[in-house]
There are 2 protein chains.
Amino acid sequence: MSARADRPGSGPATIIDVAEAAGVSRQTVTRAMNDMPGIKEATKERVLAAAKELAYRPSRFGRGLVGHTQRTVGLVVDDLMNPYYPQLASAVVSSARDRGWNVVLAQTAKAADQYTLIADLAKQADVVVGYPALTDNQAQEVLAGVPFVRIDMGEYTYGGGIQMDVGDAMGAMADHLLERGSRRPVLLDVGLPGFPSARGKSFLAAMSARGVQVPTVSAATKSLSSGVAGANALLEAHPDVDAIMTFNDIVACGALKALHEAGVDVPGQVRLAGCDGLNLGRFVSPELTTLAVDMGAVAEAAVGMALAMYAGEVPLQGARTQVAHHLLVRAST
Amino acid sequence: MSARADRPGSGPATIIDVAEAAGVSRQTVTRAMNDMPGIKEATKERVLAAAKELAYRPSRFGRGLVGHTQRTVGLVVDDLMNPYYPQLASAVVSSARDRGWNVVLAQTAKAADQYTLIADLAKQADVVVGYPALTDNQAQEVLAGVPFVRIDMGEYTYGGGIQMDVGDAMGAMADHLLERGSRRPVLLDVGLPGFPSARGKSFLAAMSARGVQVPTVSAATKSLSSGVAGANALLEAHPDVDAIMTFNDIVACGALKALHEAGVDVPGQVRLAGCDGLNLGRFVSPELTTLAVDMGAVAEAAVGMALAMYAGEVPLQGARTQVAHHLLVRAST
DNA sequence: TTGAAAGCGCTAACAA
DNA sequence: TTGTTAGCGCTTTCAA
């Protein structure tokens, strides 16, 4: 018993019900519903009235079946509560909309079974884009045949990918910190001590190339609280630190809190920089210097690539696009 | 020419192509693809191989047409770059997923034509939930017949609604500020001077009921930069202020930046509070005291209501659910 | 201006 | 275990 069925017991109204109610053929109903030419105004109104009366809604399945025109991209993010993903999602939704595609959203962090989650998504979408927490093999299994673009590809290889290489910008960051007078910078990385992240390595290399050996402290995870803890550990291990490069903006925010609470002035005593270019960095005081990536460009590249794969203009394997970070100097350095 | 069509010129493979390639009937293909019983293992493997070979993907339209089982909720937000919406979206996606529904996302802020945007969304979704920037009349036109739940309904009336009433919590906030010793609180509202927001009024009333007359300063918009500017204006007009209640957490972050830059200690000299309970409030120093809403509860209520409307268990008009704010004391007060 | 016929891709029900 | 029939709701021919 659906409220949408004004003909109890028979489910939602179909085009046939409307046709009967209005005393016309189904084609005439189609003409009326879709503002097509070749229908008398009076007829049209009668049909529309009948449709309204019956609470008729054209089935998107019926429509999709005949006119191959309803395309959707599946977007996989880890967790929208992490400020990184909304920025991506916002850009992806815009890019997709510009091209007439819809976006269905899947969030892996809160899902019991990621595998199933993404398998389901692949059934609803024509292409999949984003950050599935799946190995290449898993992705291949689940997505078999669905054009797939991984964002921030790293070491993955399956499908297409957007590569966000931070290397050049890291050099600019190193120059910037040194120019501002830093002599004892420390890296606040994430992960296990002794296993630096790609970003971390990149910073160490950039500094090393400039003749500065940088010690590393590792925060446990990429979270705010880890940033706080990590920065406190860092202050203890390196009390004379004069600049901190962090794994990302979130960790940087944590570090900023720790510094604030420790009474350390930023950037006066310690310069602090993040990575990602999150809008979040503008909400804190002082605003965060960061290595920013143009999310609009990332989304455009990802959606564009996925759609090209869908259209057969680009192979399902091997496509790569680089998007570079750039130094965004704000008040914290 | 699609990469997915291994039979050039004829579009993507269909179930019939697979059936022919494997030398079986379509029904057998269905059995193989859907892990249905009653099919010999060898046959199944042969079919699956053919499917893989042809890059066959079952059409979701064909499927949706026959098994009435693919439901999606359309979620309308203003702008995911505004930290409020991701929090809602995250919860809505989770709630929907728990019930086996998909979520398609529409963002009004960046859309040229909101009316069309939402009309399109309504065609892709079975129910619509969120914050469409449409009047009741517009919403009725565009959504005619689609179950619709507006979140934070305010003065709107069309469809179902979640009402987020801040009244009680505002009393708790007033008590809290007074207990902490504030004697000269000021309201940092948004909008035109002389036209206080509902929240603003609520705070003024709560304070008035406690014998304190609170002056108001208005920030132009609900943005971070407006918060900065508003707080600066406030400091000028009320140099002896000892507590600031802001319209929301974003404005509060702006105010916090202004106070920080003016060298005013928070909460030592001025206590500062926001509204909404955004996660953002935990990223700044000191963490923001706020009137929080449980977004999980809001999403559950909204999705639950929309689905009930869809199922005909609740009328399309008039359903209302209240979700209360609560005082969340953190470090800024 | 309207209607009839055909078919989009799939699965449920039944028959073999 | 497999195949056949029927039909989901819609739009695009084509004919009237």
Side-chain angles (χ1 to χ4, degrees), chain A residues 2 4-7 9-48 50-51 54-72 123-126 145, chain B residues 2 4-5 7 9-48 50-51 54-71 122-124 126 145:
Chain A
S2 162
R4 298 158 62 238
D6 284 9
R7 307 151 307 111
S10 13
T14 73
I15 196 172
I16 295 192
D17 300 319
V18 178
E20 283 174 0
V24 298
S25 70
R26 320 187 268 184
Q27 294 61 33
T28 300
V29 176
T30 289
R31 292 189 184 102
M33 295 302 296
N34 298 348
D35 277 324
M36 294 166 69
I39 180 174
K40 199 161 53 179
E41 189 60 28
T43 315
K44 184 171 177 178
E45 278 168 18
R46 189 153 43 92
V47 171
L48 259 29
L54 294 174
Y56 168 64
R57 301 190 54 206
S59 151
R60 65 174 178 282
F61 298 114
R63 252 186 192 158
L65 204 47
V66 55
H68 264 216
T69 187
Q70 288 186 33
R71 327 240 92 137
T72 85
K123 283 179 191 149
Q124 317 293 349
D126 299 295
Chain B
S2 163
R4 298 159 61 236
R7 306 152 307 111
S10 15
T14 73
I15 196 171
I16 295 191
D17 301 319
V18 177
E20 283 173 359
V24 297
S25 71
R26 314 186 272 182
Q27 189 50 37
T28 299
V29 176
T30 288
R31 293 190 182 102
M33 295 302 296
N34 299 347
D35 277 323
M36 293 166 69
I39 179 174
K40 198 161 55 178
E41 190 59 29
T43 315
K44 183 170 176 177
E45 277 168 20
R46 188 154 43 92
V47 170
L48 259 26
L54 295 173
Y56 168 64
R57 300 190 54 208
S59 151
R60 66 176 177 281
F61 298 113
R63 257 189 188 153
L65 204 48
V66 54
H68 263 215
T69 187
Q70 288 187 35
R71 327 241 92 138
K123 283 179 191 148
Q124 317 292 350
D126 299 294

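Sequence lines set the chain letters: A, B, ... in the order given, protein chains first and strands last, and positions in each chain run from 1.
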> In whole angstrom, what separates A/Ile15's CD1 from D/dT12's C1'?
Replying inline: 12 Å
> So what is the end-to-end bend of the helix from C/dT1-D/dA16 to C/dA16-D/dT1, with 5 pairs used at each end and the value given to 10 degrees?
Replying inline: 40°
> Under 4.5 Å between any side-chain heavy atoms of A/Val24 and A/Arg46, yes or no?
Replying inline: yes
> Which distance, rounded to the nearest 0.5 Å, do you find between the NZ of B/Lys40 and the CZ of B/Arg31?
Replying inline: 13.0 Å
Can you give me the N/O atom pairs linking the protein to nucleotides 2-4 of chain D at distances under 3.5 Å, or say none if there are none?
residue	atom	partner	partner atom	Å
D/dT2	OP1	B/Thr43	OG1	2.5
D/dT2	OP2	B/Lys40	N	2.8
D/dT2	OP2	B/Thr43	OG1	3.2
D/dG3	OP2	B/Ser25	N	2.9
D/dG3	OP2	B/Ser25	OG	3.2
D/dG3	OP2	B/Thr28	OG1	2.8
D/dG3	N7	B/Arg31	NH1	3.4
D/dG3	O6	B/Arg31	NH2	2.6

> Roughly how many Å is it from CG in A/Asn34 to C1' in D/dT12, rounded to a whole number?
Replying inline: 12 Å
> Between B/Arg63 and A/Lys123, what is the shortest heavy-atom contact and its length?
Replying inline: NH1-CD, 4.0 Å
>> Could you tell me the boundaries of the chain A footprint on DNA chain C, defined by atoms under 4.0 Å from its heavy atoms?
In response: C/dT1 to C/dG9
> Given atom CD of B/Gln124 and atom P of D/dC10, what is their separation to the nearest angstrom?
Replying inline: 14 Å
> Could you state the CD1-P distance from A/Ile16 to D/dT11, rounded to the nearest angstrom?
Replying inline: 12 Å
>> Between C1' on D/dG9 and CZ on B/Arg60, what's the gap in Å once rounded to a whole number?
In response: 16 Å
> Among side-chain atoms of B/Ser25 and B/Gln27, is any donor-acceptor pair under 3.5 angstrom?
Replying inline: no
>> Between A/Asp17 and A/Thr14, is there a side-chain heavy-atom distance shorter than 4.5 Å?
In response: yes
> Can you tell me how far OG1 of B/Thr30 sits from CD1 of B/Ile39, rounded to the nearest 0.5 angstrom?
Replying inline: 9.5 Å
> Where do A/Ile16 and A/Arg26 come nearest, in terms of heavy atoms and distance?
Replying inline: CG1-CD, 3.7 Å
> Looking only at heavy atoms, what is the nearest atom pair of B/Ala13 and B/Leu54, with distance?
Replying inline: CB-O, 3.7 Å
>> Taking any heavy-atom pair under 4.0 Å as a contact, classify B/Thr30: base, sugar-phosphate, or nothing.
In response: base
> Roughly how many Å is it from CG in B/Leu65 to C1' in D/dC8, rounded to a whole number?
Replying inline: 4 Å
>> Could you tell me how far apart A/Phe61 (CZ) and D/dG9 (P) are, to the nearest whole angstrom?
In response: 12 Å
> Rounded to the nearest 0.5 Å, how far does CZ of B/Phe61 lie from CD of A/Gln70?
Replying inline: 4.5 Å
> Would A/Thr72 and B/Arg60 count as a side chain to side chain contact (heavy atoms under 4.5 Å, CB included) if you check the C-alpha gap in whole Å, the side-chain angles of each, and the deciding distance to 0.1 Å?
Replying inline: CA-CA 11 Å; A/Thr72 85; B/Arg60 66 176 177 281; 3.5 Å; yes
> Rounded to the nearest Å, what distance is computed from the CG atom of residue A/Asp17 to the P atom of nucleotide D/dC8?
Replying inline: 11 Å
> Hey, are the side chains of A/Lys44 and A/Thr28 touching, using non-hydrogen atoms and a 4.5 Å cut-off?
Replying inline: no
